[in-house]
Every structure is written in C-alpha cells, then in structure tokens.
Amino acid sequence: MTLRIYNTMTGGKEEFVPLEPGKVKMYVCGVTVYDYCHIGHARAYVAFDMIYRYLKYSGFDVTYVRNYTDIDDKIIKRANEQGIPWHEVAERFIVEFNKDMTALGIQIPTHEPKATGHIPEIIAIVQSLVEKGFAYEVNGDVYFRVAKFPAYLKLSKRNLDDMQAGARVDVDERKENPMDFALWKASKPGEPAWESPWGGGRPGWHIECSAMSMKYLGETFDIHGGGKDLVFPHHENEIAQSEAANGKQFVRYWMHNGFVNINAEKMSKSLGNFFTIKEVLSRYDAEVLRFFLLSAHYRSPIDFSDQNLSEAESGLERIYKALAGIDGAISANCVDEHSSIVEAETELTEKVSTFSGRFRDAMDDDFNTALAIGTVFELVRSVNRFLAEVRPVSASRQELLRMARKHISDVGNVLGIFSSAPEDYILRIKGRKVEGLAIAEEEIEKMIEERALARKSKDFARSDEIRDLLLGKGIELLDGPKGTTWRVK
RNA sequence: GGCGACGUGGCCAAGUGGUAAGGCAAAGCUCUGCAAAAGCUUCAUUCAUCGGUUCAAAUCCGAUCGUCGCCUCCA
C-alpha cells in the first residue's frame with residue numbers, strides 16, 4: 001500500500017505523490033509568540049512531528065518548515081500591557097515554545113524562520129500583488145482585493161455572498177469589499193515599523209507564511225499543515241496571496257489536525273477553558289501526554305480529561321511492562337534446550353513476521369496512529385503470553401523476542417514514544433506520584449521491614465494491619481519473590 | 001442564517017461495501033499465608049433512530065433526532 005493523505009482541499013484521501021520523487025516539502029504554521037502554548041498547540045505540533053518522522057521513516061527526504069510569527073497585533077498589545085519592547089515579548093515566548101517542544105520530544109524542523117527576518121521578501125510579494133491589480137493601498141495600508149481572485153474560499157468551500165451576509169466584522173469603509181484583508185499595515189507612532197513603498201508599517205497576519213514557504217520550499221510545495229481553525233481565514237488568504245502572486249498552484253496537500261476539547265467543547269483562548277502545556281506536564285509525564293494525543297486519529301477531536309490521561313498512563317505502562325519483560329528475558333542466560341513449540345510461540349512468530357506490514361498499512365492510511373498503537377498492543381499480548389509459557393528461553397527464542405522488541409522500538413521512533421528504558425519510565429511515574437504523598441519514603445520502608453518480620457513469624461494479623469495502614473495513606477504493597485516493594489495507588 | 005464534521009460496548013477508540021481492531025474498567029483463573037500487583041481468559045449478533053439501494057451496509061443514499069465546529073483572534 002502506498003501512502004494516502006486526506007486533503008482538505010478535495011475533501012478525501014488521495015495517494016501521496018510528491019512534486020519531486022523521493023522528496024517532501026512541508027510547511028506547518030507555527031505560533032504567534034505572545035503567550036504560553038496550550039495543549040491545542042501540543043496536539044498540532046505532536047501530530048506534524050509524527051508525520052515528519054513517518055515520512056522520513058518511509059524513505060522520503062523531508063524539508064520541514066515551521067515558522068514563528070514574531071510580529072503581530074497581539075504581540076504589540078502584550079508588550080504595551082507589560083511595558084516592555086515588543087521584540088522582548090517575542091523572544092521570550094520563542095524560548096518558552098522551545099522548552100515545551102523539547103519536553104514533548106518534538107524534533108527540530110529543517111527551518112524555523114521568523115517573520116521579522118523576511119520583511120524584504122514580504123514587501124516584494126505585496127508589491128507584486130499591487131502591480132498585478134490584486135491589491136490596493138489606502139493610507140499606508142495595503143489590502144488584498146478578494147473580488148479579483150475567483151478561487152477565493154475554495155479551501156473552506158464557502159462563497160463570498162454568504163460570508164458577507166453572516167459577517168460579524170465591523171465594516172471598514174476604506175476597504176472595497178468587507179472581506180478584503182490586510183497584506184501590510186501602516187504603523188501608528190510608537191509601533192514597530194519597517195520602511196516600505198507605502199511608508200512605515202508591518203506585515204499583515206497571513207503574508208509571512210506565503211513569503212517564508214516560498215523562500216524555503218518554492219512556489220509550489222507538497223504539504224501545508226496546521227490546526228483546523230486555520231482553514232479560514234489564514235490558509236484561505238495564503239492561497240489567495242501566493243497563487244495570485246505566482247500564478248501557480250500553491251500547495252498540493254492541505255492537512256489539518258482536529259481540536260482538543262474540554263468536556264466536548266473546543267478549548268480556546270477566547271473561551272478561557274485552556275490548559276497550558278506547562279500545567280499539564282506538571283501533572284502528567286510528557287510521554288503520557290504524547291501517547292494520549294496519538295491514541296486518536298489526528299483529524300478527530302480529542303477530549304482532554306483526567307480520566308482519559310490516566311487511561312493513557314495505564315495503557316503506556318502496559319507496554320513498558322512488556323518491554324521490561326522482554327529485556328529481562330533476553331539479558332538472562334539462555335538455556336540450550338529445545339522444548340516443543342507451544343501455541344504462544346507460533347502466535348508470536350506470526351505476529352512478529354507480519355508486524356511491519358501491519359504498522360505501515362495503518363500509517364499509510366492517512367497516518368492512523370490509533371490503529372498503529374493497536375497493533376503494538378496485539379504484539380504486547382503475544383509477548384506476554386509467550387513469556388508466561390516459555391521460560392527460561394533458548395537462544396533462538398531470545399532472538400524472536402529481540403525482533404519483537406525492535407519492532408516496538410521502531411514504532412516508538414516514529415511516534416516519539418517508548419524510547420525510555422522501561423525501569424526509567426516506571427520510576428518516573430512513581431516519582432511523580434510520591435511528591436503528593438503524606439508519608440515519607442523512609443517511613444514506608446521501615447514499616448515494610450516490620451511487616452517482613454511479622455510475616456516471618458507468621459504474625460499475619462500484624463502484617464495485614466501494616467498493609468491496611470499504608471493502603472490508607474495511598475501506598476500499595478507488592479509482595480514479590482525478591483521481597484516487598486511498594487507503589488502509590 | 002450559510003457551510004461542515006461527528007454520533008461504534010460502562011468509558012476511550014479503530015474500522016468508508018464482505019459480516020465489529022485495540023486500550024481502560026469489570027468478572028473468572030494462575031500466583032499468594034490471605035491479598036495486592038502482574039499475566040492469561042472472558043466481555044458489542046451489533047454500530048443514534050427510521051426508511052431505501054445491494055447477494056451483502058457501521059460503512060452508500062434520504063429523512064429525523066442529538067452533539068460539536070467554522071463563518072471574529074485561534075493549533
């Protein structure tokens with residue numbers, strides 16, 4: 001099967017054929033840097049990071065561009081509120097953005113251009129649009145003339161008349177058409193300004209993406225992505241600017257990720273119901289968040305809740321426990337014996353040999369990570385069954401387990417998960433829970449010792465008393481062959 | 001008002017014509033002094049409702065109900 005991608009422009013899945021064989025040029029709209037990122041951003045950038053990784057895994061040479069919009073009304077507003085220069089706001093939140101991306105294990109794109117680093121390119125496009133009659137200047141502002149571009153709204157599949165009928169925008173008398181949008185904005189005194197043929201000013205919101213994508217990827221490129229909410233107006237306006245300026249197709253495949261919901265409602269700044277990435281990471285492991293985000297298809301809405309995150313944590317733990325089981329079995333001395341083949345071995349052999357194909361089929365179908373994770377769980381069950389029935393294992397059986405382990409690691413590399421040492425993951429989760437505990441670790445250890453003595457002398461009443469006491473404080477005791485360990489419930 | 005998406009077991013979630021993946025939870029078993037943990041096993045004759053097309057539909061068409069999104073900054 002070849003890779004198929006859902007294209008917002010056509011509304012269906014299409015076989016992916018890059019412009020240049022073997023190469024993919026991909027642009028994803030980055031953030032406007034005026035505030036901390038929320039988990040909606042996390043979802044978008046985790047999704048496109050997964051896509052970037054899978055394209056590379058599939059053998060493509062990928063050029064991935066993700067920009068920073070570092071000049072914008074919101075940045076200026078924030079700077080005025082805080083009484084600091086606008087570029088300090090931008091610089092600060094670029095640093096914060098990068099901290100969040102690093103925590104989420106997101107790979108660094110090929111290029112991370114900034115809007116302010118491309119003012120001449122922006123001015124050149126605006127100028128060309130004015131010359132071609134696609135744009136006009138009014139008092140230092142330059143607007144795009146939507147009536148001149150018949151394909152306008154082809155991505156969001158609307159028409160101008162309906163838009164105007166339902167428009168909630170204040171009509172600006174200076175515009176020829178209420179839907180005309182700003183390519184260039186004249187600066188008021190005290191605002192950041194760059195020299196231009198229309199006087200001092202700054203770029204409008206959408207133009208920077210047209211300029212930067214063209215510079216790094218060319219006039220036509222393969223994939224352009226972003227959140228669903230960017231379809232209109234941002235991407236629609238990018239199409240208008242780019243195609244009007246260049247006279248050729250702008251993007252071949254438009255990809256949009258679904259929203260993160262809170263209680264089935266869109267999470268957004270205007271609703272005020274958002275969580276920042278930092279808040280979420282203070283409560284959940286980054287890998288858990290990433291696993292959760294990838295457990296649904298990237299285009300579906302996903303509901304963020306404590307219950308769903310806890311379930312993701314349990315599921316991820318199941319996978320890590322299986323990995324720990326494999327690691328234990330393959331590092332142990334193998335036995336030189338050939339016991340008869342059992343059913344669990346036949347099953348695992350079959351699962352291992354078909355695994356790569358099933359994983360690729362899932363991912364080739366518009367990056368179906370939910371299905372891909374499902375195949376991992378199936379392999380995990382086979383591994384556990386095998387481990388339960390066949391022990392100790394012979395050299396050839398260790399090899400089978402090694403292959404299973406490699407398959408899970410390979411999937412992990414594409415999804416950006418499963419890369420921790422299993423013990424590290426388990427310790428990390430434990431450590432996180434210990435923080436909120438009302439009892440010191442030493443005290444727990446002391447009580448476990450006392451209980452061990454009681455058990456030795458068959459004083460089970462005392463033993464159970466201690467166990468219940470700790471359980472009341474949220475500590476669960478785990479009696480194993482090597483003694484008693486504990487964990488936070 | 002215009003446009004669009006979605007509705008799958010207790011919860012989450014794949015599945016777009018060939019007879020319901022997977023996870024969480026639950027129950028049973030193994031293990032255990034008893035438990036817990038872990039592992040294994042079991043768990044949707046049915047896919048919002050009603051019609052239609054088809055040899056065959058969760059999947060296609062129509063209607064109805066419900067939820068959500070875009071049309072304003074937004075990942």
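Naming: A, B, ... by sequence-line order, numbering from 1 per chain. These values consider heavy atoms only, across backbone and side chains, with no hydrogens, waters or symmetry-generated copies.
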Option from A/R299, A/R4, A/K13 for which salt bridge (Lys or Arg N to Asp or Glu O under 4.0 Å) with A/D366 holds:
A/R299
Taking only N and O in the side chain of A/R381, is any of them less than 4.0 Å away from OP1 or OP2 of B/G22?
yes
Between the base of B/G33 and the side chain of A/R455, is there a donor-acceptor distance below 3.5 Å?
yes
Say we look at B/A58 and B/G17: how far apart would their C1' atoms be, to the nearest angstrom?
11 Å
Within the 4.0 Å heavy-atom criterion, would you say A/K321 contacts the bases, only the backbone, or no part of the nucleic acid?
sugar-phosphate
Atom-pair distance (CG on A/D73; P on B/U72), nearest Å
16 Å
Does A/S295 contact B/G22 through a side-chain donor or acceptor facing the base, at a distance under 3.5 Å?
no
Could you check how far OH of A/Y320 sits from C1' of B/G23, rounded to whole Å?
17 Å
Under a 3.5 Å cutoff, is there a donor and acceptor pairing between the side chains of A/R43 and A/Y298?
no
Tell me whether the OP1 or OP2 atom of B/C40 has a side-chain N or O from A/N384 closer than 4.0 Å.
yes
Looking only at side-chain N and O atoms, does A/N159 come under 4.0 Å of OP1 or OP2 in B/C3?
no
Please report, rounded to the nearest Å, how far the P atom of B/G23 is from the CD1 atom of A/I408.
13 Å
Using only modelled atom types and a 3.5 angstrom limit, is any donor from either the side chain of A/E378 or the base of B/G22 paired with an acceptor on the other?
no
Ring centres under 6.0 Å, that's the criterion: do A/F275 and A/F304 meet it?
yes
Any donor-acceptor pair under 3.5 Å linking the side-chain atoms of A/N98 with those of A/Y68?
yes
Mind checking if A/R451 touches a base, just sugar-phosphate, or nothing, with heavy atoms under 4.0 Å?
base
Nearest to the side chain of A/A44, which nucleotide is it out of B/G15, B/A75, B/C11?
B/A75
Without decimals, in angstroms, what is the distance between A/L293 CG and B/A75 C1'?
12 Å
At 4.0 Å (heavy atoms only), tell me whether A/H297 reaches a base, stays on the sugar-phosphate, or touches nothing.
sugar-phosphate
For nucleotides B/A21 and B/A44, find the distance between their P atoms and express it as a whole number of Å.
10 Å
Nucleotide of B/C40, B/U16, B/A75 approaching A/K266 most closely (side-chain heavy atoms)
B/A75
Please report the distance, rounded to the nearest Å, between NE2 in A/H235 and C1' in B/A75.
10 Å
Give one of base, sugar-phosphate or nothing for A/L371, where a contact means two heavy atoms less than 4.0 Å apart.
base
Nucleotide of B/A75, B/A21, B/C11 approaching A/V260 most closely (side-chain heavy atoms):
B/A75
So, does the side chain of A/R158 form a donor-acceptor pair with the base of B/C70 at under 3.5 Å?
yes
Nearest-Å distance once atom P is located in both B/C65 and B/G23
38 Å
Under a 4.0 Å threshold between the charged nitrogen and the carboxylate oxygen, would A/K278 count as salt-bridged to A/D100?
yes
Examine the base of B/G33 for any acceptor or donor lying under 3.5 Å from a partner atom in the side chain of A/D464, and report the outcome as yes or no.
yes
Distance, rounded to the nearest Å, where A/I373 contributes CD1 and B/A21 contributes P
19 Å
May I ask you to say whether A/E236 pairs ionically with A/R158, meaning some side-chain N is under 4.0 Å from a carboxylate O?
no
Taking any heavy-atom pair under 4.0 Å as a contact, classify A/F232: base, sugar-phosphate, or nothing.
sugar-phosphate
In whole angstrom, what separates A/R299's CZ from B/A13's C1'?
15 Å
Can you check the distance between B/U41 and B/A35, where both ends of the measurement are the P atom (answer in whole Å)?
22 Å
Determine, answering yes or no, if A/F259 is stacked on B/G69 under the 5.5 Å centre rule and the 30° plane rule.
no
Interatomic distance at C1', B/G33 relative to B/C47, whole Å
48 Å
Taking it one step at a time, do A/H235 and A/H256 satisfy ring pair (Phe, Tyr, Trp, His ring centres under 6.0 Å)?
CA-CA 10 Å; A/H235 289 161; A/H256 294 97; 5.0 Å; yes
Side chain of A/A370, heavy atoms from C-beta onward: which of B/C24, B/A36, B/A13 has the nearest atom to it?
B/A13
Separation between the C1' atoms of B/C61 and B/U16, rounded to whole Å
14 Å
Counting any heavy atom closer than 4.0 Å, what does A/N257 reach on the DNA or RNA strands: base, sugar-phosphate only, or nothing?
base
Have a look at A/S463 and say if it touches a base, only the backbone sugar-phosphate, or nothing, with a 4.0 Å heavy-atom cut-off.
base
Looking only at N and O atoms, is any donor in the side chain of A/D479 or the base of B/A37 less than 3.5 Å from an acceptor on the other one?
no
Basic-acidic side-chain contact under 4.0 Å: A/R451, A/E465
no
Consider the side chain of A/Q307, meaning its heavy atoms from C-beta on, and name the nucleotide among B/C11, B/G23, B/A37 that approaches it most closely.
B/C11
A/K74 has its side chain closest, among B/A38, B/C73, B/A35, to B/C73
Give a yes/no on whether any side-chain N or O of A/K157 is located under 4.0 angstrom from OP1 or OP2 of B/C3.
no
Please work out if A/M267 contacts a base, only the sugar-phosphate, or nothing of the nucleic acid, heavy-atom cut-off 4.0 Å.
base
Between A/Y253 and A/F16, is the gap from one ring center to the other below 6.0 Å?
yes
At 4.0 Å (heavy atoms only), tell me whether A/V231 reaches a base, stays on the sugar-phosphate, or touches nothing.
nothing
Does A/S268 have a side-chain nitrogen or oxygen under 4.0 Å from the phosphate oxygens OP1 or OP2 of B/G69?
no
Under a 4.5 Å cut-off applied to non-hydrogen side-chain atoms, are A/R202 and A/E191 in contact?
yes
Looking only at atom P, what distance separates B/C24 and B/A38, rounded to whole Å?
10 Å
If you look at every strand shown and take non-hydrogen atoms under 4.0 Å, does A/F48 touch a base, only sugar-phosphate, or nothing?
nothing
Considering only B/G69, B/A14, B/C24, which nucleotide approaches the side chain of A/S314 most closely?
B/C24
Donor-acceptor pair (no angle test) under 3.5 Å: A/R467 side chain, B/C34 base:
yes
Can a side chain N or O of A/R385 be found less than 4.0 Å away from OP1 or OP2 on B/A38?
no
Looking for any heavy atom pair under 4.0 Å, which part of the strands does A/G258 touch: base, sugar-phosphate only, or nothing?
base
Between B/U54 and B/U19, how many Å separate the two C1' atoms, rounded to a whole number?
14 Å
Whole-Å gap separating C1' (B/U16) and NZ (A/K13)
7 Å
On RNA chain B, more 5' by nearest nucleotide between A/L316 and A/H38 is A/L316
From the set B/C40, B/A14, B/A75, return the single nucleotide nearest to any side-chain atom of A/Y45.
B/A75
